[in-house]
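First the structure, in the form of C-alpha cells, and then the observations on it.
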Amino acid sequence: MHVVLYLAVLPILGSCSGVQSALDPAGEEARQVATLFWVMTVGSGAIWGIVVALALYASRRKRRPVSEETAGKLIFWAGVVFPVTVLTALLAFALWLMPTLRPFAFGDFARLRVEVVGNQFWWRVVYHLPDGKRVVSANEVRLPVGERVEFSLTSADMIHSFWIPALGGKMDLIPGRVNRLSLLATEAGIYRGQCAEFCGVAHALMAFPVFVMEPTDFNEWLNARTTPSAGVEADARGRDLFLGRDCGTCHRIDGTQAQGSSGPDLSHIGSRLTLGAGQVKNDPDALGRFIAHSSAIKPGSMMPAYLDLPEDDIAAMAFWLKGLQ
Ligand code: CUA
C-alpha cells in the first residue's frame with residue numbers, strides 16, 4: 001500500500017520543481033502565483049477537512065436535533081459570513097495578481113522592453129534598448145536578474161500565449177493587438193517557456209529557453225548583438241551557399257544581404273541553445289539536419305526541405321551558421 005501511494009505521489013511532487021514549473025518560482029510574479037496556489041490548496045484542504053469532519057460527526061454521533069435558533073446561527077456564520085469572507089479575500093488577492101490591475105504603470109521603470117511576436121511556430125524576439133537601438137533574435141529570451149523587464153506581446157497569425165512558468169503568469173499574443181506583461185526575475189538560471197494556447201499542429205513544439213543572467217553579463221551579451229557577428233566574414237563557402245540558395249528571402253542575418261523577415265532572424269544563431277524553438281540542441285549536425293528536412297525535426301515548420309542539396313554543401317552552411325556567435 002505504501003509503495004502504491006509513494007508511486008502515485010512521486011510524479012506529482014516531481015512536477016513541483018524544474019525549469020518549467022510555476023511551483024518553483026524564480027521571479028517576483030511567479031512567487032505570487034505560487035503563494036496564491038499554496039494559500040488556496042492549504043485553505044481549501046482545511047475547509048474540506050472541517051466540512052467532512054462535521055458531516056461525519058452529524059451522521060454518526062449527534063442524534064439529538066438542534067434548535068431552530070442554533071441552526072439559523074450556524075447557517076449565518078458558517079454558510080454566509082465564512083464563505084463570503086474567504087472568497088472575497090481570495091478574489092482580492094487574485095485580482096491584485098492580474099498585471100493590468102496592478103497599482104503601477106508599465107514603462108516608467110522598465111529600462112528594457114522586449115517585443116515578442118508569436119508566429120506559427122516560433123517566436124520573434126526584439127530587444128528595444130533605451131537608446132533606441134533594436135536587437136532582433138528568435139526562439140530564445142534573455143533577461144537580467146533583478147531588473148524589471150516589460151514585454152510587449154503580439155502575434156503575426158494565430159493566438160499564441162507567452163508563458164515562462166518559473167518567472168510569471170501567461171499572457172496571450174493576439175493578432176492586431178499588443179498585450180503587455182511585466183516580469184522581474186529574481187534568480188539567475190536557465191528556464192523554459194512554452195506556448196500555452198493551441199495555435200496549430202506544432203503548438204506543443206513551440207517552446208523557448210530563457211536565460212536569466214547577471215546584469216553585467218546580460219549587457220555584454222546585448223551589446224555584442226548590436227553589431228554583426230564576426231563569423232559573417234569567415235568561411236565564405238557556407239555564406240555564399242546560404243545567400244545563393246535565397247535563404248535570405250525568409251531569414252535575416254545582420255551584416256549580409258539576407259534581410260527576410262518571414263522566418264526567424266538568424267543573426268548570431270550560433271550562440272543559441274536550441275533549434276526549432278526549443279526542439280533540439282543547437283550544433284552543426286542538428287543545423288544540417290534542419291536545413292535538409294526541417295519538418296523531420298519540427299513537424300509543422302513552414303520551411304521547405306532541401307533534400308536535393310549535396311551533403312557537404314549542407315555541412316558548409318551549418319558550419320558557417322554555427323560560427324555566427
Ligand atoms: Cu503558439 Cu501554441
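Computation of the quantities below employed the complete heavy-atom set of this structure, encompassing side-chain atoms and omitting hydrogens, waters and symmetry-equivalent molecules. Just so it is clear, the model here is predicted, and its values are computed rather than measured.
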Side-chain heavy atoms of [X] within contact of [Y], under 4.5 Å:
X      : Y      : result
Gln194 : Lys170 : no
Leu287 : Leu275 : yes
Ser267 : Arg252 : yes
Glu187 : Val212 : no
Pro215 : Glu147 : yes
Tyr127 : Arg225 : no
Asp313 : Arg237 : yes
Ile47  : Phe82  : yes

Nearest heavy atoms of [X] and [Y], plus distance in Å:
X      : Y      : answer
Ala188 : Glu214 : CB-OE2, 4.0 Å
Val201 : Gly300 : CG1-CA, 3.7 Å
Val81  : Thr85  : O-OG1, 2.6 Å
Leu143 : Val210 : CD1-CG1, 4.4 Å
Ala34  : Ala22  : CB-O, 3.7 Å
Leu205 : Lys298 : O-NZ, 2.8 Å

Q) Is atom CD of Gln259 surrounded by more than 12 heavy atoms (other residues, nucleotides or ligands) closer than 6.0 Å? A) yes
- Message: Tell me whether the count of non-hydrogen atoms from other residues, nucleotides or ligands lying under 6.0 Å of OH in Tyr306 goes above 12.
- Response: yes
Salt bridge present between Glu115 and Arg124 (N-O < 4.0 angstrom):
no
Any carboxylate oxygen within less than 4.0 angstrom of a Lys/Arg side-chain nitrogen, looking at Arg142 and Asp217?
no
Measure the [atom1]-[atom2] distance between [X] and [Y] for me, rounded to the nearest 0.5 Å.
X      : Y      : atom1 : atom2 : value
Asn119 : Met158 : CG    : CE    : 12.5 Å
Glu29  : Leu181 : CD    : CG    : 7.5 Å
Lys133 : His128 : NZ    : NE2   : 14.5 Å
Ile174 : Thr154 : CD1   : OG1   : 8.5 Å
Arg272 : Gln325 : CZ    : CD    : 11.0 Å
Leu36  : Arg31  : CG    : CZ    : 12.5 Å

Check: [X] side chain, [Y] main-chain N or O, donor-acceptor pair, under 3.5 Å:
X      : Y      : result
Ser294 : Met303 : yes
Glu28  : Thr186 : no
Ser21  : Gly18  : no
Lys281 : Thr274 : no

Scan side-chain atoms only and decide if [X] and [Y] contain a donor-acceptor pair under the 3.5 Å cut-off.
X      : Y      : result
Asp172 : Ser161 : yes
Asp157 : His160 : yes
Ser152 : Arg113 : yes

Please report the C-alpha distance between Phe242 and His251 in whole Å, then the side-chain angles of each, then the deciding distance to 0.1 Å, and finally whether the side-chain contact (heavy atoms from CB on, under 4.5 Å) criterion is met. CA-CA 10 Å; Phe242 183 92; His251 297 287; 4.3 Å; yes
Are [X] and [Y] grouped together when hydrophobic residues (ILVMFWY) are joined by side-chain heavy atoms under 4.5 angstrom apart?
X      : Y      : answer
Leu167 : Leu273 : yes
Ile164 : Met171 : yes
Trp122 : Leu173 : no
Trp221 : Val141 : yes
Val125 : Ile269 : no

Fill in: Working for side-chain contact (heavy atoms from CB on, under 4.5 Å), residues Val126 and Asp265
CA-CA 10 Å; Val126 186; Asp265 192 296; over 6 Å; no
Original post:
Which is it for Val145 and Phe218 under the side-chain contact (heavy atoms from CB on, under 4.5 Å) test, yes or no, and what are the steps along the way?
Top reply: CA-CA 9 Å; Val145 67; Phe218 174 77; over 6 Å; no
Can you classify the ring geometry of Phe162 versus Trp123 as parallel (below 30°), tilted (30 to 60°) or perpendicular (above 60°)? perpendicular
Practice problem: Using the six-membered ring wherever Trp is involved, compare the ring planes of Phe198 and His203 and label them parallel, tilted or perpendicular (cut-offs 30° and 60°). | Solution: perpendicular
**OP:** Test Leu183 against Val149 for side-chain contact (heavy atoms from CB on, under 4.5 Å), laying out the working first.
**Re:** CA-CA 6 Å; Leu183 293 178; Val149 174; 5.6 Å; no
